[in-house]
Trainee: 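Got a structure for you, written out below as structure tokens; questions coming shortly.
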Amino acid sequence: MMTTATEIARRIRAGEVTSREVTEQLLARIAGDRSVNAVVETRAEFALRNADEADAAVADDREVGPLQGVPMTIKECFNVAGLHTTWGNPAFAEYVADRDAVVVERLSRAGAIIVGKSNVHTMLADFGQTANEIYGRTNNPADLTRTPGGSSGGGAAALAAGLSYLEYGSDLVGSIRLPAAYCGVYGLKPTAGLVPLHGFQVPGPPEVPNEFPNLSTIGPLARSAADLRTALRVTGGPAAPYSWELRRSRHNRLADFRVGVVTNHPAAPVSSEVGDALSATVDRIGRSGAKIVEGWPDGVDPWDQAEAFRSQVELFFALHGGEPSSLSLTEVIEQERRRMSARMKWQRYFEDVDVFVCPASFTAAFPHDDRPFEERTITTSYGEQRYDAQVFWIAHASLTGHPALSMPIGQTPDGLPVGAQVIGPWHEDDTAITFAELLAA
């Protein structure tokens with residue numbers, strides 16, 4: 001298993017390895033990749049120059065950031081000065097950003113080195129696969145015939161294949177959590193609005209400030225829960241002059257957690273391989289001494305909330321220049337009431353429960369599928385399932401804006417990663433992160 005970003009940063013600060021050595025090795029692995037196709041553009045000269053500067057800062061005993069000298073990648077849809085931002089769309093193939101996104105600025109200030117960009121699905125329009133006409137298809141490192149998920153599939157695959165130490169992606173319809181689950185890495189959808197979206201935009205006119213960060217969020221993917229925490233600490237919060245700190249976890253021992261658990265539902269019944277891994281994980285939680293609370297929160301109708309999320313996605317795309325919504329003003333108001341009601345129900349639940357554990361997806365990574373979206377199905381141990389059933393398990397935290405992460409919990413008999421989802425209380429991202437960290441340990 002590749003070393004985590006947190007460990008690499010520690011070793012660089014301790015003088016055990018130089019940033020230049022680490023960066024050269026990573027660039028060589030990226031250049032040598034002939035099968036995964038996860039990292040689609042690099043800037044070697046820039047990265048090595050910054051690695052030398054990072055090493056000089058350490059040698060001079062200057063104050064350095066928590067990601068000092070760590071080379072990483074970022075999803076292709078973020079603006080990085082001097083690199084292309086195409087969203088996988090041939091119409092934007094020649095566009096080169098002239099400034100960094102806010103999240104890129106913050107990662108750089110923390111000492112990270114953006115060495116390149118990871119692949120995306122065209123216009124981020126697929127939560128289950130990653131392919132586009134510019135850069136081609138990204139494959140799952142565990143099985144090249146299978147998907148890494150979408151639309152942050154390039155970033156998740158890069159981490160799994162040893163082509164990156166840290167990644168930053170985006171999540172509207174599970175685009176961080178699903179790829180993380182399918183590739184066997186960690187991925188965090190932070191509390192809605194926690195990380196500024198400026199610079200995460202389609203090429204074109206200057207973006208309109210997004211005052212409605214209800215659904216689309218950006219967050220880190222990593223090889224450990226600790227890396228998620230580090231990345232969130234350096235990227236979260238409003239712009240200056242305001243200040244922000246990550247709220248500390250409710251508990252620091254696994255035995256102290258009160259854990260809500262749901263492992264299956266008829267809307268997206270889990271495959272036997274996923275179900276076995278989930279059951280083993282729940283058993284492990286129970287053996288730790290943590291209190292397990294089975295079932296959905298009081299008042300939560302998972303069918304209804306999943307449908308409410310679909311309506312919210314329709315409104316989101318209408319707001320951002322897509323097809324006009326078919327909903328009337330009265331229906332829009334009703335959808336907003338449903339969304340806020342759902343958030344309140346989950347928040348009442350988190351007064352007595354610390355985290356909620358459920359599947360990240362009903363399936364492990366499935367074979368690439370080039371059929372039209374509406375014709376796709378996924379074969380599971382119990383038969384064919386609708387392609388869009390992948391949305392069910394990720395819909396609830398997306399609808400309410402609660403923080404949710406995907407963590408690896410095992411493998412299928414064929415060696416495919418299996419992920420679980422951990423949902424935490426509103427603006428208590430570190431409670432979910434710490435739980436995942438303790439469970440992994």
Trainee: Are the side chain of R376 and the backbone of R371 linked by a donor-acceptor contact shorter than 3.5 Å?
Mentor: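 At least one qualifying donor-acceptor pair exists.
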Trainee: Are the side chain of N119 and the backbone of G153 linked by a donor-acceptor contact shorter than 3.5 Å?
Mentor: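 No, N119 side chain to G153 backbone: no donor-acceptor pair under 3.5 Å.
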Trainee: Looking at CD1 of I134 and CZ of F92, how far apart are the two atoms once the value is rounded to the nearest 0.5 Å?
Mentor: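 One gets 9.5 Å once the value is rounded to the nearest 0.5 Å.
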Trainee: Return the set of residues passing side chain to side chain donor-acceptor pair (under 3.5 Å) with D304 (not counting sequence neighbours), or none when no residue passes.
Mentor: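 If we apply the side chain to side chain donor-acceptor pair (under 3.5 Å) test to D304, skipping adjacent residues, the hits are R338.
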Trainee: So does D430 pair up with R248, basic N to acidic O under 4.0 Å?
Mentor: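 Salt bridge between D430 and R248, a charged N being under 4.0 Å from a carboxylate O: no.
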Trainee: Check whether any side-chain heavy atom of F435 sits under 4.5 Å from a side-chain heavy atom of L254, and report yes or no.
Mentor: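 Yes, close enough: below the 4.5 Å cut-off.
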Trainee: Can you confirm whether more than 12 heavy atoms, excluding those of R99, are under 6.0 Å from its CZ atom?
Mentor: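 Atom CZ in R99 is not packed in, count stays at 12 or less.
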Trainee: Out of E76, E94, E133, E41, which one pairs with T86 under the side-chain hydrogen bond (donor to acceptor under 3.5 Å, both in side chains) rule?
Mentor: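 For T86, the side-chain hydrogen bond (donor to acceptor under 3.5 Å, both in side chains) test succeeds with only one of E76, E94, E133, E41, which is E76.
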Trainee: Are side-chain heavy atoms of E437 and S249 found at a separation under 4.5 Å?
Mentor: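 No, side chains not in contact.
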Trainee: Is there side-chain contact between R137 and N37, with heavy atoms separated by less than 4.5 Å?
Mentor: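 Of all side-chain heavy-atom pairs linking N37 with R137, none is under 4.5 Å.
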Trainee: Going by side chain to side chain donor-acceptor pair (under 3.5 Å), name the residues that satisfy it together with T363, two or more places apart in sequence or in a different chain.
Mentor: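 Partners of T363 by the side chain to side chain donor-acceptor pair (under 3.5 Å) criterion come out as none, since no residue qualifies.
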Trainee: For A51, check side-chain contact (heavy atoms from CB on, under 4.5 Å) against everything at least two apart and list the hits.
Mentor: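 Residues passing side-chain contact (heavy atoms from CB on, under 4.5 Å) with A51: S19, R20, T23, I113.
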Trainee: Please confirm whether the backbone N or O of E167 pairs with a side-chain atom of K75, one donor and one acceptor, at under 3.5 Å?
Mentor: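 Not a single qualifying donor-acceptor pair exists.
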Trainee: So how far is it from E7 CD to I12 CD1, rounded to the nearest 0.5 Å?
Mentor: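 E7 CD to I12 CD1: 10.5 Å, rounded to 0.5 Å.
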Trainee: Can you name the residues that form a salt bridge (charged side-chain N to carboxylate O under 4.0 Å, His left out) with R11, not counting sequence neighbours?
Mentor: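 So R11 forms a salt bridge (charged side-chain N to carboxylate O under 4.0 Å, His left out) with E16.
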Trainee: Sub-3.5 Å donor-acceptor pair from the side chain of D100 to the main-chain atoms of A81, do we have one?
Mentor: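 Confirmed, D100 side chain pairs with A81 backbone.
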Trainee: Check this for me: E374, atom CD, are more than 12 non-hydrogen atoms of other residues, nucleotides or ligands nearer than 6.0 Å?
Mentor: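 Yes - once you tally the heavy atoms of other residues, nucleotides and ligands closer than 6.0 Å, there are more than 12.
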Trainee: Which residues pass the side chain to side chain donor-acceptor pair (under 3.5 Å) test with S406, not counting sequence neighbours?
Mentor: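 By the side chain to side chain donor-acceptor pair (under 3.5 Å) rule, S406 matches no residue at all.
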Trainee: Taking side-chain contact (heavy atoms from CB on, under 4.5 Å) as the definition, give me every residue that meets it alongside V282, ordered by chain and number, with sequence neighbours left out.
Mentor: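 Counting only residues at least two positions away or on another chain, V282 forms a side-chain contact (heavy atoms from CB on, under 4.5 Å) with V261, T263, I292.
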Trainee: Please list, chain by chain and in numerical order, all residues satisfying salt bridge (charged side-chain N to carboxylate O under 4.0 Å, His left out) with D354, sequence neighbours excluded.
Mentor: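 D354: salt bridge (charged side-chain N to carboxylate O under 4.0 Å, His left out) contacts with R250, R258.
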Trainee: What residues form a side chain to side chain donor-acceptor pair (under 3.5 Å) with H427, not counting sequence neighbours?
Mentor: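 Listed in chain order: nothing, the list is empty.
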Trainee: Under the salt bridge (charged side-chain N to carboxylate O under 4.0 Å, His left out) test, which residues partner R146, sequence neighbours left out?
Mentor: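 Once residues adjacent in sequence are excluded, the partners of R146 under the salt bridge (charged side-chain N to carboxylate O under 4.0 Å, His left out) criterion are D143.
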Trainee: Could I get the full list of salt bridge (charged side-chain N to carboxylate O under 4.0 Å, His left out) partners for R34, not counting sequence neighbours?
Mentor: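 Once residues adjacent in sequence are excluded, R34 has no partner under the salt bridge (charged side-chain N to carboxylate O under 4.0 Å, His left out) criterion.
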Trainee: Among F373, F392, F362, which residue meets the ring-ring contact (aromatic ring centres under 6.0 Å, His included) test with Y387?
Mentor: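 When ring-ring contact (aromatic ring centres under 6.0 Å, His included) is applied between Y387 and each of F373, F392, F362, only F373 qualifies.
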Trainee: In sequence, state the C-alpha distance, the side-chain angles, and the governing distance for H402 and R343, and then conclude on side chain to side chain contact (heavy atoms under 4.5 Å, CB included).
Mentor: CA-CA 8 Å; H402 283 85; R343 180 183 295 176; 3.9 Å; yes
Trainee: Using 0.5 Å steps for rounding, measure from the CH2 atom of W296 to the CH2 atom of W346.
Mentor: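 Interatomic distance, W296 CH2 to W346 CH2, rounded to 0.5 Å: 5.5 Å.
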Trainee: At what distance, to the nearest 0.5 angstrom, does OG1 of T379 lie from CD of Q385?
Mentor: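 Nearest 0.5 Å value for the OG1-CD distance: 10.5 Å.
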Trainee: Identify all side-chain donor-acceptor contacts of residues 172-185 below 3.5 Å with residues at least two apart in sequence or on another chain.
Mentor:
| from | atom 1 | to | atom 2 | distance (Å) |
| --- | --- | --- | --- | --- |
| S175 | OG | S151 | N | 3.0 |
| S175 | OG | S151 | OG | 3.3 |
| R177 | NE | D171 | OD2 | 3.0 |
| R177 | NH1 | I394 | O | 3.1 |
| R177 | NH1 | Q421 | OE1 | 2.8 |
| R177 | NH2 | D171 | OD1 | 3.0 |
| R177 | NH2 | S398 | OG | 2.6 |
| Y182 | OH | S361 | OG | 2.9 |
| Y182 | OH | Q390 | OE1 | 2.9 |

Trainee: Report the residue from F200, F78, Y95 that forms a ring-ring contact (aromatic ring centres under 6.0 Å, His included) with W87.
Mentor: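 Testing each of F200, F78, Y95 against W87, the sole residue satisfying ring-ring contact (aromatic ring centres under 6.0 Å, His included) is F200.
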Trainee: Could I get the full list of side-chain contact (heavy atoms from CB on, under 4.5 Å) partners for D388, not counting sequence neighbours?
Mentor: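 side-chain contact (heavy atoms from CB on, under 4.5 Å) check on D388 returns F127, R310, R386.
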Trainee: With side chain to side chain contact (heavy atoms under 4.5 Å, CB included) as the criterion, how do L107 and V234 come out once you've worked through the C-alpha distance, each side chain's angles and the decisive distance to 0.1 Å?
Mentor: CA-CA 6 Å; L107 287 164; V234 302; 4.1 Å; yes
